[in-house]
> 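Could you have a look at this structure, given as structure tokens, before my questions?
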Protein chains: 2
Amino acid sequence: MDTRLLRYFAAVAAEGNLTRAAERLYVSQPALTKQVKQLERELGVELFARSKSGMALTGPGRVLADRVPGLLEGWDLTQRAVKAEAARQAKVLRIGFLASAANEATPKIIAGFAKLRPQWRVEMRQSSWSDPTAGLAGGEVDAALVRLPFAGQEHWNLEELLTEPRCVAMEAAHPLAERPVLDFLDLLDEPFVAAPAETGEWRDYWLAVSQRGGHPARIGAVTEHPDDWLSAIANGYGIALAPESASRFYARPGIVYRPVNGIPPTKVALAWPDDPGPVLRDFIETCRAAAR
Amino acid sequence: MDTRLLRYFAAVAAEGNLTRAAERLYVSQPALTKQVKQLERELGVELFARSKSGMALTGPGRVLADRVPGLLEGWDLTQRAVKAEAARQAKVLRIGFLASAANEATPKIIAGFAKLRPQWRVEMRQSSWSDPTAGLAGGEVDAALVRLPFAGQEHWNLEELLTEPRCVAMEAAHPLAERPVLDFLDLLDEPFVAAPAETGEWRDYWLAVSQRGGHPARIGAVTEHPDDWLSAIANGYGIALAPESASRFYARPGIVYRPVNGIPPTKVALAWPDDPGPVLRDFIETCRAAAR
DNA sequence: CTGTATCTATAACGTGAGGTTATGGATGTG
DNA sequence: CACATCCATAACCTCACGTTATAGATACAG
């Protein structure tokens, strides 16, 4: 049996409709029909009841639907364990990060670690903003440079490395761009470029929901990567709160950064799981030293 | 990822050699070479160190080798759960059995159950002797008609249904065939047709190891199915202990059955897992009634 | 040192799987 | 009755997965 077949099955089960599931999976509807029928042949069981209104799970189909997530997770965990061991044997420390990581401290950290562990190499792995843990939650990295606060942060060990004020990024032609300093109240009605909704608390923080006094945020665009984020801002889809360092790391023609009063700063932290090995502990120490 | 790839990987890991693993899997050696390389590409990791003496697992390969049995078992359990639900919904009770099942009591049991649960159907599933639990251990059946004793029987609920003496089956031309009754001591030096070695205690019982006073059994052939067993006996590869009923259920030209003194009888039992549902409980009651 | 055995890897080939587009069949709705 | 929507099949193309043949590397025995 193939994980691809199981993912196809799961999509059909979730959508209740072959046509929509095919769209979600980026395959044609006849391809999906064939694959589902093949899975049913392999098991010798009907998993769906077909009707004009779509595909309803049968009893056995429901049993399979309940177990498939566990199976797929088993696969994922296995791949991660294998890759983690491969990295360990190759003396590679995999560090996830978002956007500008730890700003100027990042090269200091990497250089410091290289001195401490010359046989080892740090591999920086950029994540999208759909995952505020920067790959840590999925086990794709050994530790991560993250931005606080984010949902679930209490599950990780955290070492705050630096704090910086936040500013606002906007297109150069924006009327408010003329003011050298802004107050957050000035921005309440502006459309914002936001992170994906599923990041929950993390997105709320970057929309300064707590400082809005009940004013709902207007969402002009949703982006997951710095490049998309910058494009959306430059194209006037909205403005965005940003770390002050963004003016250095993400300087772009057509985008200006202005200080903002009335919102709390942003903190960069190193996050890691329980029971770090000696190599990761050295990395943690290196981060602490670089943050002083 | 495909279970077929994982099974190929597991075989190579176990054999330490592509050529032998290919033989075990009934594919050609180049096919296996290609599949293993594809798995390594998919994972982006080297799983084996190649050398003239064969394929040795790397560190990541070992991590995968440790996890593959669990993954494959997850697949197997899922298939079984789906099929069990399909059988339940179709009102089919799956009963495993070996050889002649419960002899003449078998049709009585099936008829009795049909009366008790007319909406349900019993599906008799024959197993080979490589599995003394007749499919129960693998979850392929809901209950099974088994022959005691067998290793692991304490893990199941058991209801003894009948006991019968054992006799010896031999080719008609065998010199001992002239005697109407034999003593087991007469058979100590005869080659035997045996069950597979991995059945352990079960095979020992049918070789009457406990009655040999230290004499090792001579093995003339190993078989897993009644037909093979009968052929091996008829062809003179050896003799075999058999239930007395075998003379009725497995009467064949060229084979004779003779009573044997000095060995314990054989018992047929119904075996089932913990927590049987109401339908299975009815079946158990039907078996008890048929055994009185 | 050479020939042989043994092991893995590649080449070339054939069949079938997995995708596509086009279209058919069934059913529900306006 | 026409149209929309859903699943299923037909026909086609590309590539994966198997095969046999053979190459390359290495260890060993004579």
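Each chain gets a letter, A, B and so on, in the order the sequences are listed, and its residues count up from 1.
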> Looking only at side-chain N and O atoms, does B:Thr19 offer a donor or acceptor that is under 3.5 Å from a partner on B:Gln29?
no
> Give one of base, sugar-phosphate or nothing for A:Phe48, where a contact means two heavy atoms less than 4.0 Å apart.
nothing
> From CG of B:Leu25 over to P of D:dC17, roughly how many Å is that when rounded to an integer?
15 Å
> Taking NZ, NE, NH1 and NH2 as the nitrogens, is one of them in B:Arg50 or B:Glu40 under 4.0 Å from a carboxylate oxygen of the other?
yes
> Could you tell me how far apart A:Glu40 (CD) and D:dC7 (P) are, to the nearest whole angstrom?
13 Å
> Just compare C:dT21, C:dG18, D:dT19 and give me whichever is closest to any side-chain atom of A:Ser28.
C:dT21
> Counting heavy atoms from C-beta on, name the nucleotide in D:dC17, C:dG18, C:dT20 closest to the side chain of A:Val27.
C:dT20
> Measuring to OP1 and OP2 of C:dC7, would you say a side-chain N or O of B:Arg50 lies under 4.0 angstrom away?
no
> By nearest nucleotide on DNA chain D, pick out whichever of A:Lys37 and A:Ser53 is the more 5' one.
A:Ser53
> Would you indicate which nucleotide in D:dC6, D:dG18, D:dT19 comes nearest to any side-chain atom of A:Thr19?
D:dC6
> Measure the distance from CG on B:Leu5 to P on D:dA16 and round it to the nearest whole Å.
13 Å
> Whole Å only: how far is the CG atom of A:Leu32 from the P atom of D:dC6?
14 Å
> Nearest-Å distance, CG (A:Leu39) to P (C:dA17)?
15 Å
> What is the separation between atom CG on B:Asp2 and atom P on D:dC17, rounded to the nearest whole Å?
8 Å
> Rounded to whole Å, please give me the gap between CD in B:Glu15 and P in C:dT6.
16 Å
> OP1 or OP2 of D:dG18 sitting under 4.0 Å from any side-chain N/O of B:Tyr8?
yes
> Look at the side chain of B:Pro30 and decide which nucleotide, out of C:dT10, C:dT21, D:dG18, has an atom nearest to it.
C:dT10
> Could you check whether any side-chain N or O of A:Arg125 sits under 3.5 Å from a backbone N or O of A:Phe97, counting only pairs where one atom can act as donor and the other as acceptor?
no
> Within a radius of less than 6.0 Å around CD of B:Glu198, do more than 12 heavy atoms belonging to other residues, nucleotides or ligands occur?
yes
> With a 4.0 Å cutoff (strictly under), does any side-chain N or O of B:Asn17 reach OP1 or OP2 of C:dT6?
no
> Quick check: does any side chain N or O of B:Arg20 sit under 3.5 Å from a backbone N or O of B:Glu15, one acting as donor and the other as acceptor?
yes
> Any donor-acceptor pair under 3.5 Å between the side chain of A:Gln29 and the base of D:dA8?
yes
> Among the nucleotides C:dT20, D:dT20, D:dC7, which one has an atom lying closest to any side-chain atom of A:Leu18?
D:dC7
> Specify the separation, in whole Å, of atom CD of B:Gln38 and atom P of D:dC15.
15 Å
> At under 4.0 Å, does any side-chain N or O of A:Arg4 touch on OP1 or OP2 of C:dG18?
yes
> Between C:dG18, D:dT19, C:dT8, which nucleotide has the shortest distance from any of its atoms to the side chain of B:Lys34?
D:dT19
> Do A:Trp206 and A:Arg147 have side chains that approach each other closer than 4.5 Å (heavy atoms only, starting at C-beta)?
yes
